Student: 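Mind having a look at this structure? Questions to follow.
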Amino acid sequence: MNLITYANSVHDLSLIKDSNCQEVIIGPKDLNRNSKLNLADTTELLVQAKKLGLRVTLEWDVLYTENQIYQAIDIFKTIDDSLIDCVRVQDEGVLEFVLTETNFQIQFIAETGNHNLLGLNKWVSYIGNRLDRLVISIELSKITLAEYIDKLDCDIEYLVLGKILLFYSPRKLLSPLLDGENEKVNYHADRLEAIGESEESPHKGFPLVENGHGTFMYHIKDLFLLDKLKELKELGLNYLRVDLRFEEDLSLLPKIAGLLSSTEVDPNTDSIKADYKNDLIRGYYQINKSDVLFKKLKNYRIQRKDSSYIGEVIEILKGEYLAINIKGQASLMTKDCSLKFITPEGKELFCKVHKLQDAALNDSESSDGHELMLMNYMSGVWPKSQVYLVNPL
Amino acid sequence: MTINVPELLSPAGNLDKLKVAISYGANAVYLGGLKFGLRSAADNFTDEELLEGVTFAHDRDAVVYVVLNGFLHDKDLDELVPFIKYLEEIAIDAVIVSDLGVIETIKAHTNLEIHLSTQASCLNSYSAKLWKKMGVTRIVLGREVSIDEAAKIKKDADIEIEMFVHGSMCMAFSGNCVISNFTQGRDSNRGGCAHSCRFEYSLKFEDMDFEKKNHYFMSSTDLNGLRVLEKFIEAGIDSIKVEGRMKSHLYAATMSKVYSEALRYYKENGHFLSDKIVEWESELKKVKHRTYAPANLVEKAATDTIFDERVHDKDSNYAIVGRVLDRANEDEIIIEVRNAFNIGDEVELIPFKGATATIKINQMRLMNNTAIERTNPSTLVKIPFSGFCEANNIVRLKVLS
Ligand code: SF4
């Protein structure tokens with residue numbers, strides 16, 4: 001299992017080297033969502049990384065509209081090919097460009113969605129022998145992760161420590177708040193940082209960043225899975241990513257590397273946690289149940305079900321009638337037929353039709369060709385109750 | 001000379017709204033089944049309703065696209081197979097998909113036509129070429145793309161292009177927001193978005209020792225592309241789409257009517273040089289909306305596309321009062337009441353085509369002919385009207401702002 005992280009300075013590079021990492025991720029701010037490095041500094045860092053014998057991954061993870069992608073490609077082309085071993089991309093357009101117009105190995109960031117094996121396998125076969133690695137989503141639980149590591153024919157990378165990106169917008173959302181404020185506020189800055197909180201959210205203190213690529217919002221807590229290293233190792237995970245770019249301090253890296261090389265069965269992570277500035281969570285690592293609440297969003301009882309469906313009660317006049325909007329096509333409501341009503345609360349009521357009238361209040365034998373029928377009143381039935389024929393032919 | 005105009009694709013949140021949208025002029029609708037989409041709280045369609053919706057649409061030369069644009073997990077894919085086979089059996093016209101696993105499943109089990117959802121955030125021609133190789137025949141571009149850029153993508157990738165013309169906007173790149181996943185335990189990419197971007201926030205800029213309280217800083221204005229329709233047409237965009245499966249019948253009716261009338265006008269006249277545009281614009285303002293803006297359609301969305309307010313129906317002064325259900329007799333129509341109205345009110349009946357009819361309410365009766373002064377929601381009422389009207393015509397009322 002290999003440890004991989006980002007470098008923003010020559011000092012970072014030496015810490016990375018000292019931590020026995022083989023590879024480093026570097027990105028210029030023109031091509032990278034989070035970087036503060038200009039092109040000259042990036043080149044300098046790439047050169048130094050090469051000198052240290054590190055494998056260099058250039059992270060190019062911005063999303064681009066049509067005009068922007070050509071500008072980005074021009075910037076990318078100014079970077080010396082010989083300094084890059086691999087390019088890491090998320091935008092499928094950037095992927096297509098790198099795949100079809102360069103010879104670089106590719107690390108594909110499949111962290112947004114890509115929650116099924118079939119799709120991931122397709123990416124693997126599409127990128128083919130140019131695929132260096134898939135960076136997969138932290139919304140995948142350990143059971144799914146184990147299955148994917150087993151079944152995907154490529155190396156897999158998973159974030160184990162760092163900020164959780166919640167929101168990526170191309171629009172500048174922070175600087176407008178500062179526009180017109182006093183002189184101590186510099187809303188023209190290249191990069192703005194803020195902490196957001198809302199009465200409407202149970203969570204307080206969302207870190208926000210605005211830069212040349214838009215606005216990013218992060219989780220109030222950082223992902224921490226370093227206490228799961230043994231498990232991840234047993235699963236056969238190839239790459240663990242640690243993202244300390246916000247901390248601007250890689251001094252924890254040697255300690256983290258120590259956990260990896262430790263011969264102890266369960267190395268203690270307490271001192272790392274104690275040194276880490278932010279609150280921590282495990283995210284969806286144990287289990288992902290992010291679809292279980294959906295059933296509560298909707299009243300399934302007011303959904304029509306089968307071909308015995310007649311329609312919906314739209315009005316009730318107590319003691320007088322039930323008005324039914326005829327909706328089903330397969331079954332007819334006729335005088336003397338038996339009906340089942342399912343109320344919005346789920347109660348089932350049965351009733352025989354002995355009085356049936358059309359919209360003009362003419363007695364009628366059947367609902368055929370009508371939008372609206374009135375029938376005898378039945379207590380306990382409410383508007384929105386669904387009406388079904390009992391024993392349809 | 002025949003002038004080609006884009007298809008008008010309207011939202012159909014349920015079967016009634018499908019009928020409303022098509023009756024008011026949409027030549028395509030998109031809708032969701034009970035699962036696999038991004039609107040878990042919407043009514044959505046049962047299998048039986050889907051069949052009825054497809055029949056209704058095809059009988060009127062309209063097409064139906066079914067949304068399967070969740071980022072599905074493995075177990076969801078297993079359940080997907082019988083559903084897509086059913087969709088093929090009832091002859092829907094295409095599915096709208098954002099996940100590669102879903103595309104692979106559809107290709108393996110059906111011959112359904114596949115459109116790439118905006119949720120996949122396809123924003124450039126390189127990306128469009130890739131997705132074309134994956135088997136999609138149309139791309140619903142991300143809402144960050146301008147019409148000029150879309151024209152270039154269409155030309156370079158040689159693929160059908162669909163763009164949003166109207167409706168609410170996600171502030172994030174579509175598919176790139178998981179706020180709900182991590183704060184509410186609801187997967188926004190499988191239909192659980194809790195709209196956290198519409199919340200009111202206070203922001204602290206610690207390095208500047210500055211605080212800004214109570215702002216809707218990440219809420220977007222609504223898209224309105226009416227004024228740039230000609231650009232869509234000139235760019236050869238294949239389909240223009242209205243957002244809003246969760247929105248009202250009045251919304252479905254108004255959008256479908258206004259945009260279909262506008263496209264028809266252009267088809268017949270080859271231009272929009274008409275007072276009609278002001279009329280259409282005013283109609284669009286009559287439905288509940290946030291401040292309208294063309295977003296990225298012409299140039300990049302600027303700071304004025306942030307909707308820093310809570311209330312979003314300030315300048316829409318109309319409410320739906322109901323829909324026509326049937327005729328009671330030659331002189332009376334039956335309305336299914338959605339919002340109360342009174343004797344003395346002037347309501348407007350919106351026909352599927354042509355001018356709105358104003359009806360002064362001087363008499364109202366329940367179905368049993370009892371005279372009433374005021375209606376209640378979820379009731380039926382008979383009002384005098386001998387003009388032409390059809391089932392599903394929408395009736396609205398001007399309300400005080
Ligand atoms: S919270 Fe807002 S930005 Fe995020 S998915 Fe929902 S609508 Fe889009």
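Hydrogens, waters and symmetry mates play no part in the numbers below; they use all other heavy atoms, side chains included. Residue numbers start from 1 in every chain, and the chains themselves are labelled A, B, ... in the order their sequence lines are given, proteins ahead of strands. Here the structure is a predicted model, which means the values were calculated and not measured.
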Student: List the atom of D99(B), the atom of H115(A), and the distance in Å for their closest heavy-atom pair.
Tutor: OD2-N, 4.4 Å
Student: Under 3.5 Å, is there a donor on one side chain and an acceptor on the other for E66(A) and S125(B)?
Tutor: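 There is such a pair (donor and acceptor under 3.5 Å, judged by atom type) between the side chains of E66(A) and S125(B).
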Student: Can a donor-acceptor pair be found between the side chains of E149(B) and T65(A) at a distance below 3.5 Å?
Tutor: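 Result is yes, a qualifying pair exists.
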Student: So, for Y64(A) and Y126(B), is the gap between ring centers shorter than 6.0 Å?
Tutor: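 Not under 6.0 Å, so no.
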Student: Any donor-acceptor pair under 3.5 Å linking the side chain of N116(A) with the backbone of L72(B)?
Tutor: yes
Student: With a 6.0 Å cut-off (strictly less than), is the heavy-atom count around NZ of K204(B), excluding the residue itself, greater than 12?
Tutor: no
Student: Considering only heavy atoms, which portion of L140(A) lies under 4.5 Å from any heavy atom of chain B: side chain, backbone, both, or neither?
Tutor: neither
Student: Take atom NZ in K155(B); do more than 12 heavy atoms of anything else shown fall under 6.0 Å from it?
Tutor: no
Student: Please enumerate all residues that pass side chain to side chain donor-acceptor pair (under 3.5 Å) together with S174(B), with sequence neighbours excluded.
Tutor: none
Student: Going by distance alone, is a donor N or O of one side chain under 3.5 Å from an acceptor N or O of the other, for E139(A) and N181(B)?
Tutor: yes
Student: Between G185(B) and Y284(A), what is the shortest heavy-atom contact and its length?
Tutor: CA-OH, 3.9 Å
Student: Please check if the number of heavy atoms outside K213(B) that lie under 6.0 Å from its NZ is greater than 12.
Tutor: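 Incorrect, the count does not exceed 12.
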Student: Indicate whether any N or O donor in one side chain lies under 3.5 Å from an N or O acceptor in the other, for Y148(A) and D74(B).
Tutor: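 A donor-acceptor contact under 3.5 Å links the two side chains.
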Student: Please confirm whether the backbone N or O of I306(B) pairs with a side-chain atom of R171(A), one donor and one acceptor, at under 3.5 Å?
Tutor: no
